[in-house]
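Just below is one structure, and these are the notes that go with it.
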Amino acid sequence: MHRLFVAIRPPQPIRDLLIDAMDDSPALRWVGDDNLHLTLRFIGEVERPLADDVAAALGRIRFPGFALRISGVGRFEQRSGGALWAGVDPRKPVAELAAKVDRACVAAGLEPERRAFHPHVTLARFGRRNAAAARDFERRNADLESEPWAVTRFILFESQLSRHGAHYEEVADYALG
Ligand code: 3AM
């Protein structure tokens, strides 16, 4: 089985800005440079033939390149804990690309994504008891902003989970424009 997702990878200067914003709060489990990305669609565990069909369907997507910047930070909270993330602006082209990626996944045989799409780059995860540290970070970094960067491709990643955390490997990449 292959655990897959589709994402945009911010370039190094943007990742550097995100890493610079991370502090040494032990309550927040920061994401490493290699794992910083903006998920367009989580696919989950699929067998090889379906993975190949998804990869082929993604290759048929035609979508123009666009500019994106980091803008602000936010939180997802669930009962078990949450994620702290950086937002992006504008959201419209990235949402349109995510919708195309979803349609390609459906064409390949996956169920459509039913949850709302909230474009974000996850910065840290935290346990329920540490939500205050996440709120504090959010308050202090509300005006986090980057220069715009040109989004010229998106990537199919395979996620390998281990005791040491998640390791993401690029399986294929797709040019925009
Ligand atoms: O882009 P982020 O970091 O928010 O949380 C996982 C990560 O999201 C998410 O997919 C991205 C790459 O692993 N993810 C993991 N399991 C998931 C699931 N069952 C999931 N998203 C939806 N459903």
Is there a path of hydrophobic side-chain contacts, each under 4.5 Å between heavy atoms of I/L/V/M/F/W/Y residues, joining Val46 to Phe154? yes

Taking it one step at a time, do His167 and Gln160 satisfy side-chain hydrogen bond (donor to acceptor under 3.5 Å, both in side chains)? CA-CA 5 Å; His167 172 73; Gln160 264 132 18; 4.7 Å; no

Distance-only, no hydrogens or angles: does the Asp89 side chain make a donor-acceptor pair with backbone N or O of Ile70 under 3.5 Å? no

Give the intermediate values and the outcome of salt bridge (Lys or Arg N to Asp or Glu O under 4.0 Å) for residues Glu169 and Arg3. CA-CA 10 Å; Glu169 196 131 327; Arg3 183 180 170 85; over 6 Å; no

Measure across Arg41 and Glu113 and return the closest heavy-atom pair with its distance rounded to 0.1 Å. NH1-N, 3.3 Å

Can you check whether Ser162's main-chain N or O pairs, donor with acceptor, with His164's side chain at less than 3.5 Å? no

Taking everything shown except Arg140 itself, do over 12 heavy atoms lie less than 6.0 Å from its CZ? yes

Closest approach of Leu156 to Val6 (non-hydrogen atoms, all atoms of both residues): CD1-CG2, 4.0 Å

Would you name the heavy atoms of Tyr174 and Ala55 that are closest together and state the gap between them? OH-O, 3.0 Å

Taking the six-membered ring for Trp, are Trp30 and Phe126 ring centroids under 6.0 Å apart? no

Assess the residue pair Ile43 and Leu50 against the criterion (side chain to side chain contact (heavy atoms under 4.5 Å, CB included)); give the C-alpha distance rounded to whole Å, side-chain angles, the decisive distance to 0.1 Å, and a yes or no. CA-CA 11 Å; Ile43 294 173; Leu50 181 52; over 6 Å; no

Same cluster (ILVMFWY, side-chain, under 4.5 Å), Leu4 and Ile61: yes

So, for Tyr168 and Phe5, is the gap between ring centers shorter than 6.0 Å? yes

CG on Leu40 to CG on Asp102, rounded to 0.5 Å: 10.5 Å

Can you tell if the side chain of Thr122 reaches within under 4.5 Å of the side chain of Phe76, non-hydrogen atoms only? no

Do Phe66 and Leu176 make a side-chain contact, defined as non-hydrogen atoms from C-beta onward lying under 4.5 Å apart? yes

Side chains of Val88 and His120: does their closest heavy-atom pair fall under 4.5 Å? no

In terms of hydrophobic clusters joined by side-chain contacts under 4.5 Å, are Val73 and Leu68 together? yes

Decide yes or no for Leu123 and Phe137: does some side-chain heavy atom of the first lie under 4.5 Å from some side-chain heavy atom of the second? yes

Shared hydrophobic cluster, Val94 / Leu58 (ILVMFWY, side-chain heavy atoms < 4.5 Å): yes

In Å, rounded to the nearest 0.5 Å, how long is the span from OG of Ser71 to CG of Asp143? 9.5 Å

To check you understand the geometry: which heavy-atom pair defines the closest contact between Pro93 and Phe63, and what is its length? O-CZ, 3.4 Å

With a 4.5 Å limit on heavy-atom distance, are the side chains of Arg91 and Phe117 in contact? no

Does the distance from a Lys or Arg side-chain N to an Asp or Glu carboxylate O, for Glu96 and Lys100, drop under 4.0 Å? no

Salt bridge present between Arg69 and Glu145 (N-O < 4.0 angstrom): yes

To the nearest 0.5 Å, tell me how far Thr39 OG1 sits from His118 NE2. 13.5 Å

Shortest non-hydrogen contact from Ala124 toward Val31: N-CG2, 4.0 Å

Of all pairs that satisfy side-chain hydrogen bond (donor to acceptor under 3.5 Å, both in side chains), the ones with a partner from residues 42-58, not counting sequence neighbours: Arg48-Asp52

CA sep, side-chain torsions, deciding dist, call: Ile8, Ile155, side chain to side chain contact (heavy atoms under 4.5 Å, CB included): CA-CA 6 Å; Ile8 290 169; Ile155 299 165; over 6 Å; no

Of all heavy-atom pairs linking Leu144 and Ala86, the shortest is CD2-CB, 4.4 Å

To the nearest 0.5 Å, atom CD of Glu158 lies from atom NE2 of His2 at 5.5 Å

Taking C-beta and beyond as the side chain, do Leu28 and Leu84 meet within less than 4.5 Å on heavy atoms? yes

Once rounded to the nearest 0.5 Å, what's the spacing between atom CD1 of Ile14 and atom CG of Leu36? 11.5 Å

Spacing of Ser146 atom OG and Asp16 atom CG [to the nearest 0.5 Å]: 11.5 Å

Hits for side-chain hydrogen bond (donor to acceptor under 3.5 Å, both in side chains) against Arg15, two or more places apart or cross-chain, chain-then-number order -> Gln12, Asp33

